[in-house]
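For reference, the structure is listed below as structure tokens.
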Amino acid sequence: MEVVIFLILTWFFAAYFLFQKKSLSLLENFFLFFFFFFINKNVLTMLSLNLKMIEYSREPHLFISFWFQRTIIGPILLLIFVNKIMDKPFLTKIGWGLIISAVWLLLDALGIEFNIITYTDWSFGRSLLLSTIYLTTAFVIASAYRYLIQREKVVKGSP
């Protein structure tokens with residue numbers, strides 16, 4: 001049941017991303033997805049294996065659910081956020097940041113409820129802080145990446 005729920009959530013977020021109006025080009029979204037994937041995977045690996053703050057289930061069907069959350073849903077949420085806030089007013093950025101953080105915390109709560117992840121030395125406050133760091137980093141990286149691509153004239157964008 002857990003795999004089905006996370007698979008449906010993965011399809012939902014992927015479909016939302018595919019059909020939303022994008023501020024970034026296909027090339028930018030492609031590279032940012034893999035960058036966010038790399039960062040999210042490494043942070044969660046450090047928290048679980050190195051720091052032992054989070055433990056994830058070793059059961060295959062539960063680990064697949066964790067894999068969906070870590071590998072696909074997390075980076076797609078960051079891409080949705082970046083595409084929604086690029087070239088928008090400050091309050092819009094804050095609003096979307098709160099929405100994405102709430103979704104991230106709900107996914108963590110769902111993972112805890114299904115025993116996919118277990119907090120050992122972790123809390124929802126730390127998850128909120130990590131979500132804020134992710135979102136801020138995503139915005140800074142996307143802005144810097146867009147600036148570099150436009151400077152090199154690889155992608156045409158707004159001046």
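Counting from 1, the numbers follow the sequence of the chain as shown.
For the residue pair S57 / N115, no side-chain donor-acceptor distance below 3.5 Å is found, with atom types taken as modelled.
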For a side chain to side chain contact (heavy atoms under 4.5 Å, CB included) check, start with the C-alpha distance between I80 and I100, then their side-chain angles and the critical distance, and finish with the verdict.
CA-CA 9 Å; I80 289 170; I100 298 294; 4.3 Å; yes
Begin with the C-alpha distance, continue with both residues' side-chain angles, and end with the deciding distance and a verdict on side chain to side chain contact (heavy atoms under 4.5 Å, CB included) for V103 and F13.
CA-CA 11 Å; V103 169; F13 290 123; 3.6 Å; yes
What do the steps show when you test L107 against L77 for side chain to side chain contact (heavy atoms under 4.5 Å, CB included), and what is the final call?
CA-CA 11 Å; L107 287 170; L77 281 175; 3.8 Å; yes
Could you walk me through whether I116 and F6 pass the side chain to side chain contact (heavy atoms under 4.5 Å, CB included) check?
CA-CA 11 Å; I116 295 168; F6 274 89; 3.4 Å; yes
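No side-chain donor-acceptor contact under 3.5 Å links R58 to the backbone of F63. Of the possible polar contacts, none joining the S101 side chain to the L128 backbone as a donor-acceptor pair under 3.5 Å is found. Proximity of a side-chain donor or acceptor of N40 to a complementary backbone N or O of F36 within less than 3.5 Å is not detected. Between the side chain of T120 and the backbone N or O of K52, at least one donor-acceptor pair lies under 3.5 Å. With hydrogens and angles disregarded, no donor-acceptor distance shorter than 3.5 Å links the side chain of S131 to the backbone of S127.
A salt bridge does not link K93 with D87: none of the charged nitrogens is closer than 4.0 Å to a carboxylate oxygen.
When all heavy atoms of L78 and L135 are compared, the closest pair comes out as CD2-CD2, 3.7 Å. The two residues F124 and L105 make their nearest non-hydrogen contact at O-CD2, 3.7 Å.
Considering F139, F81, F35, W104 in turn, W104 is the only one that fulfils the ring pair (Phe, Tyr, Trp, His ring centres under 6.0 Å) rule with Y134.
For L18, the CG atom sits in a packed shell: over 12 heavy atoms of surrounding residues, nucleotides or ligands are nearer than 6.0 Å. A 6.0 Å sphere centred on OH of Y147 holds no more than 12 heavy atoms belonging to other residues, nucleotides or ligands.
Linking Ile, Leu, Val, Met, Phe, Trp and Tyr whenever their side-chain heavy atoms come within less than 4.5 Å leaves L98 and L129 in two separate clusters.
A cation-pi arrangement is found for K22 relative to F17, the charged atom lying closer than 6.0 Å to the ring centre and inside a 45° cone about the ring normal.
Rounding to the nearest 0.5 angstrom, the gap separating the CZ atom in F68 from the CD1 atom in I5 is 12.5 Å. In this structure, the separation between CG on N83 and NZ on K21 is 11.0 Å, given to the nearest 0.5 Å. Separating the CD1 atom in I54 from the CD1 atom in I117 is a distance of 5.5 Å, to the nearest 0.5 Å.
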